[in-house]
Amino acid sequence: MNASVLADPGSLVIVPRRQIGTKIMAAVCIVLLLLLVRAFWNGDIGWNYVAENLFSKSVMRGVVNTIVMTFFAMMLGILLGVIAAIMRMSDNPVFRSISVGYVWLFRGTPALLQLLLWFNLALIFPTIGFFGLFSVRTVDVMTPFVAAFLGLGIQQGAYTAEVVRAGILSIDKGQLEAAQSIGMTKLRAMMKIVLPQAMRVIVPPIGNETIGMVKLTSLASVIQYSEVLRSVEDIYYVNSRVIELLIVAAAWYMVVVTVLSIGQIYIERHFSKGWGRRNQTQAVQPAAVEAA
């Protein structure tokens with residue numbers, strides 16, 4: 001090597017790697033994507049039917065029903081999940097056993113099976129009574145909405161329980177002990193001290209579960225709940241434009257999921273306030289001491 005170069009390392013020219021293989025793979029992916037778009041565009045798809053039904057009343061009603069079911073099922077799932085997680089971490093063995101059994105049962109059976117069981121509950125209990133005061137026919141109570149709400153919400157609670165429990169376990173146990181040392185009950189300390197801090201860990205998976213719930217509501221079409229998939233099915237049974245109507249359903253699912261994903265970003269940012277700055281401050285302080 002030239003002696004002048006060794007004397008002045010700054011004169012060396014850094015040559016980046018060409019990464020030819022990566023560029024070839026990127027080009028192949030772009031070509032395949034363009035071919036896929038071209039195939040759909042030139043395929044025997046009546047795009048006029050897609051445009052005609054995209055904002056039709058029945059489809060829009062199905063979209064609203066999908067959003068409503070997602071909201072109520074997730075609210076029930078989060079409520080049951082928090083209760084089950086706290087029961088799982090209780091000192092009472094009865095509460096722990098109930099929580100473990102609940103999670104085991106409803107995570108172990110398919111969502112479609114649970115929907116069908118709730119919808120056909122009248123075959124087991126023809127009437128539902130309340131402490132002998134009055135009774136109603138189960139078939140009148142267990143409508144498609146109620147069956148979907150219970151089936152999806154209760155199952156979601158079993159998954160949420162494990163998410164909440166993981167978030168609680170991520171918080172140092174000393175915080176719970178410190179709260180109890182100043183006279184707070186374990187439940188109050190859990191609700192006021194531990195859970196607010198655990199939200200930073202809980203929110204991302206709950207957001208994913210919410211997005212999954214939007215798509216899971218499509219199972220409710222089996223029990224005649226008029227969500228978006230059921231709405232497009234009713235239309236293509238009449239005009240036989242199956243692919244076109246399925247594209248309509250896919251477009252609305254993507255819109256709803258995109259909006260929820262954006263909302264999840266802001267919620268995560270809210271519960272993570274100060275976390276990154278605190279870590280950065282801790283990293284800067286040693287550097288400042290060394291500089292001094």
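Each residue takes its place number in the sequence, starting with 1.
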Within 6.0 angstrom of [X] [atom1], more than 12 heavy atoms from elsewhere:
X	atom1	value
Arg96	CZ	yes
Met60	CE	yes
Phe145	CZ	yes
Trp104	CH2	no

Judged by atom type as modelled, is there a donor-acceptor pair below 3.5 Å linking the side chain of [X] to the main-chain atoms of [Y]?
X	Y	answer
Gln197	Ile193	yes
Ser99	Phe95	no
Thr66	Val228	yes

Which distance, rounded to the nearest 0.5 Å, do you find between the [atom1] of [X] and the [atom2] of [Y]?
X	Y	atom1	atom2	value
Arg165	Met89	CZ	CE	7.5 Å
Leu54	Leu245	CG	CG	10.5 Å
Asp234	Leu229	CG	CG	9.5 Å
Met190	Thr185	CE	OG1	10.0 Å

Hydrophobic cluster identity match, [X] and [Y], side-chain contacts under 4.5 Å:
X	Y	answer
Met75	Val68	yes
Met74	Phe71	yes
Ile83	Met199	no
Val201	Ile171	no
Leu112	Tyr225	yes

Do [X] and [Y] have side chains that get closer than 4.5 Å, going by heavy atoms?
X	Y	answer
Ile154	Leu76	yes
Val232	Asn53	no
Ser58	Ile235	yes
Ile247	Tyr49	no
Thr109	Leu117	no
Leu115	Leu152	yes

query = Who pairs with Glu268 by salt bridge (Lys or Arg N to Asp or Glu O under 4.0 Å), at least two apart in sequence or on another chain?
reply = none
Contacts of Asn208 that satisfy side chain to side chain contact (heavy atoms under 4.5 Å, CB included) - sequence neighbours left out =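 Side chain to side chain contact (heavy atoms under 4.5 Å, CB included) check on Asn208 returns Gln264.
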Tyr236 and Glu244: CA distance, side-chain angles, deciding distance, side-chain contact (heavy atoms from CB on, under 4.5 Å) verdict = CA-CA 8 Å; Tyr236 71 60; Glu244 289 81 358; over 6 Å; no
note = side chain to side chain contact (heavy atoms under 4.5 Å, CB included) test vs Val82 passes for just one of Leu195, Ile202, Ile168, Val163, namely Leu195
Under 3.5 Å, sequence neighbours excluded: what are the donor-acceptor pairs made by side chains of residues 211-219?
{"unit_1": "Thr217", "atom_1": "OG1", "unit_2": "Val214", "atom_2": "O", "d": "2.5"}
{"unit_1": "Ser218", "atom_1": "OG", "unit_2": "Lys215", "atom_2": "O", "d": "2.6"}

message = Can you classify the ring geometry of Tyr102 versus Phe106 as parallel (below 30°), tilted (30 to 60°) or perpendicular (above 60°)?
response = tilted
ask   = Taking the six-membered ring for Trp, are Trp252 and Phe55 parallel (under 30°), tilted (30 to 60°) or perpendicular (over 60°)?
value =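 Perpendicular: the ring planes of Trp252 and Phe55 meet at over 60°.
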message = Please give me the minimum heavy-atom distance between Gly174 and Asp172, naming the atom from each residue.
response = N-OD2, 2.9 Å
task = Run the salt-bridge test on Arg230 and Glu227 with the 4.0 Å N-O cut-off and return the result as yes or no.
result = no
